[in-house]
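A quick write-up on the structure given underneath.
These figures come from a predicted structure and were not determined experimentally.
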Amino acid sequence: MAGTRLELTWVGKEERPRLEPRILLEDREKSHHAAARRSDSDIFDNMLIHGDNLLALKALEQDFRGKVKCVYIAPPYNTGSAFEHYDDGIEHSLWLSLMRDRLELLKTLLSEDGSIWISIDDNEMAYLKILCDEIFGRQNYINTISWQRKYSVSNNYKGIASICDYILIFRKSEKFKNNLLPRTSESISRYTNPDNDPRGPWKAVDYLNQAPPHKRKNLCYDIVNPNTGLIIKNTSKAWKYDINTHQKHINENRLWWGIDGKNTMPALKLFLSEVKNGMTPHDFWSYSEVGHTDEAKKENILLFGSTNIFDTPKPERLIQRILHIATNPGDLVLDSFLGSGTTAAVAHKMGRRWIGVELGEHCYTHCLPRLKKVVDGEDPGGISRAVNWEGGGGFRFYELGPTLIKKDSWGMEIINPRFNAEMLAEAMCRLMGYRYAPDPELYWKQGQATEQSFLYVTTQFLSVEALNRLALDAGENNLLVCCGGSAEGAELPPNLTVRKIPQAVLDKCEWDHDDYSLEIRNLPMLEHVLSEEETPEADAASAGVQEKKDEGRRRKKDAPGPSQGSLL
């Protein structure tokens with residue numbers, strides 16, 4: 001029916017998590033900065049965050065809403081294949097819910113002129129496109145890039161092999177404008193200057209239209225070759241330009257009649273100095289342009305050694321092209337599925353600010369050491385030589401803070417004993433919609449909502465005298481007081497509002513939920529496909545995969561349901 005909006009539906013779509021806006025705790029021993037500033041453009045406030053990425057995105061929401069210029073993510077592809085560093089096998093409906101929740105927060109973080117780029121393969125690409133249509137708006141779909149991730153196909157593969165992954169691109173709004181790609185030497189070589197034209201190199205452009213003469217009569221007229229006097233008529237096609245524009249081309253000496261001037265058809269001179277300062281990006285990226293998975297693994301070996309390779313790395317050249325198209329130096333880039341740290345490494349080398357989130361143990365084993373090497377100028381691989389990277393800048397390392405509310409041994413909700421006064425004040429600011437901004441001189445200014453609206457937090461019981469003192473100290477400002485308790489029945493000063501904690505926040509969200517990812521252990525495994533580096537012997541060793549796959553399906557049918565674990 002015309003005008004009806006089509007939406008993707010799946011089991012559990014209406015179930016949405018009630019996320020706790022966690023605080024982020026810096027681990028100063030893991031934060032890392034260059035010993036000295038190398039240039040005025042060095043960036044030191046980048047963020048590497050370890051923790052569940054849905055909770056981390058919620059933690060970033062208050063401070064970074066509308067500030068991220070480019071999001072790049074490579075979420076688990078939901079292929080059913082097990083990888084060393086994470087299990088990529090979420091049931092379809094669960095995968096869609098997990099992606100929906102994260103994409104909605106990512107949209108909130110994007111700036112109005114920002115864009116999101118999502119790597120995916122054909123298992124979920126079509127569904128992800130519809131999901132993104134629903135979240136970002138179909139009018140904000142830009143394109144789908146086909147990236148040639150493999151340079152050859154194993155002869156042992158049966159069927160039609162896949163050598164491409166996809167990159168879905170959506171913008172936040174029509175304010176997004178992409179950059180052009182740098183001109184290649186091959187592109188520039190197409191412009192020459194055989195007649196020593198003082199306007200510089202040019203290339204010949206066809207002067208004919210594709211339309212037949214009878215359909216474009218206004219573009220049909222006689223042209224005379226001034227060198228031979230030959231009259232050229234429209235016999236099969238019209239000209240590209242009307243007669244007035246043609247005369248302008250003659251006056252500007254833009255017509256080319258060949259090196260000897262005797263061609264029977266003119267061409268138009270298109271000067272290099274007049275074309276756009278770059279090349280328009282297209283939707284097929286070959287491995288020769290942006291790298292392939294084997295190149296990415298070699299980059300990982302150079303960084304981590306041959307025994308600690310990340311399973312699904314992306315080549316730095318691929319991320320470089322994305323960031324070149326979508327951002328400018330100084331813009332903020334976010335990757336909430338950071339993997340081995342490629343996005344953050346490339347963004348750093350390209351002079352972009354970055355935020356990276358990773359839940360897995362490889363946040364410590366891959367991301368942290370890799371980014372330290374980037375800062376120290378000890379990463380010679382990837383795009384380092386292309387951008388003349390020699391180190392500099394830095395980043396801060398954060399752990400996702402603990403839950404604010406826990407249950408004691410009696411089942412009563414209490415403030416988590418791990419919270420000190422500063423942590424509690426920041427957490428309450430996030431929960432009550434205030435910006436955490438403690439004033440070093442005014443104890444009662446811990447959070448701020450407006451110019452005259454502030455928040456004060458204490459776990460103490462406040463007597464009437466204590467409340468009156470707070471009211472007096474706050475003066476003409478409005479003060480929200482969150483405390484462990486206060487004198488009941490007493491008339492409050494007009495500039496005070498009192499809320500008891502934890503009761504004031506118990507219903508705001510889910511508490512003590514640290515992991516919003518899921519791992520389905522009983523999904524069938526996809527049949528293993530030989531890579532270029534593997535041997536027929538290895539293929540023989542994997543015989544019986546189909547039998548295990550069928551057994552996996554039987555186990556899945558009998559399984560009670562998903563188990564808790566790590567998506568990443």
Side-chain angles (χ1 to χ4, degrees), residues 72-92 95-96 99 117-132 143-169 281-301 306 309-322 337 339-340 342 520 523-553 556:
Y72 169 78
I73 55 173
Y77 286 0
N78 199 21
T79 61
S81 299
F83 298 99
E84 178 183 352
H85 297 288
Y86 58 75
D87 287 331
D88 179 14
I90 309 302
E91 284 185 334
H92 177 64
W95 187 89
L96 288 171
M99 289 304 301
W117 304 60
I118 311 172
S119 283
I120 198 71
D121 70 359
D122 55 357
N123 285 280
E124 296 285 1
M125 191 276 286
Y127 294 95
L128 181 61
K129 166 62 167 65
I130 299 173
L131 180 62
C132 288
N143 212 324
T144 300
I145 304 296
S146 294
W147 164 48
Q148 189 181 7
R149 60 180 170 80
K150 297 178 69 174
Y151 52 83
S152 65
V153 178
S154 170
N155 291 328
N156 296 290
Y157 189 84
K158 297 179 180 179
I160 300 176
S162 172
I163 63 171
C164 289
D165 277 356
Y166 304 100
I167 303 174
L168 282 175
I169 314 171
H282 54 71
D283 60 3
F284 176 73
W285 295 359
S286 69
Y287 69 82
S288 61
E289 296 174 328
V290 296
H292 43 67
T293 51
D294 187 44
E295 176 179 314
K297 288 185 177 181
K298 289 176 180 177
E299 290 174 354
N300 261 232
I301 291 173
S306 58
I309 306 173
F310 191 75
D311 296 287
T312 56
K314 300 296 184 291
E316 289 199 7
R317 286 196 290 160
L318 175 69
I319 306 302
Q320 181 189 28
R321 172 168 287 192
I322 291 172
F337 293 88
S340 63
T342 304
I520 308 302
L523 287 182
M525 303 298 292
L526 290 183
E527 185 174 357
H528 182 69
V529 180
L530 287 182
S531 66
E532 296 83 6
E533 297 76 24
E534 293 177 308
T535 64
E537 288 76 11
D539 185 48
S542 64
V545 168
Q546 185 62 46
E547 182 181 347
K548 293 180 181 179
K549 182 178 179 181
D550 294 338
E551 176 63 24
R553 287 198 181 99
K556 179 185 177 184

- Apply the test side-chain contact (heavy atoms from CB on, under 4.5 Å) to residues S146 and Y166: give CA-CA distance (whole Å), side-chain angles for both, the deciding distance (0.1 Å), then the verdict. CA-CA 5 Å; S146 294; Y166 304 100; 3.8 Å; yes
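- A side-chain donor-acceptor contact under 3.5 Å links D165 and Y77.
- At least one donor-acceptor pair under 3.5 Å links the side chain of E299 to the backbone N or O of E316.
- Summarising the geometry of K150 relative to S162, their closest heavy-atom pair is CD-O, 4.0 Å, with the distance given to 0.1 Å.
- Atom CE of M125 is separated from atom CD1 of I130 by 10.0 Å, given to the nearest 0.5 angstrom.
- Separating the CG atom in L128 from the CG atom in N123 is a distance of 12.0 Å, to the nearest 0.5 Å.
- Using a distance-only test at 3.5 Å, with no hydrogens or angles considered, a donor-acceptor pair links the side chain of R317 to the main chain of S288.
- Considering SG of C164 and OH of Y287, their distance stands at 11.5 Å, rounded to 0.5 Å.
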- Task: Quick one: do I73 and M99 satisfy side-chain contact (heavy atoms from CB on, under 4.5 Å)? Show the steps, please.
- Result: CA-CA 11 Å; I73 55 173; M99 289 304 301; 4.2 Å; yes
- Task: Evaluate the criterion side-chain contact (heavy atoms from CB on, under 4.5 Å) for residue pair H292 and Q148; output intermediate values, then yes/no.
- Result: CA-CA 7 Å; H292 43 67; Q148 189 181 7; over 6 Å; no
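- Smallest separation of non-hydrogen atoms from G291 and W147: O-NE1, 2.8 Å.
- In this structure, T293 OG1 and K314 NZ are separated by 9.0 Å, a value rounded to the nearest 0.5 Å.
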- Verdict with reasoning, H282 to F284, per side-chain contact (heavy atoms from CB on, under 4.5 Å): CA-CA 6 Å; H282 54 71; F284 176 73; 4.3 Å; yes
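- Under the 3.5 Å distance criterion, with hydrogens and angles disregarded, a donor-acceptor pair is assigned to the side chains of Y72 and S119.
- Contact record, S340 with P313: OG-CB, 4.3 Å, taken as the closest heavy-atom pair.
- Without hydrogens or angle criteria, W117 side chain to I319 main chain gives no donor-acceptor distance under 3.5 Å.
- Taking NZ from K129 and CD1 from I118, the interatomic distance works out to 11.0 Å, rounded to the nearest 0.5 Å.
- The shortest non-hydrogen separation linking T144 to L168 is OG1-CD2, 3.2 Å.
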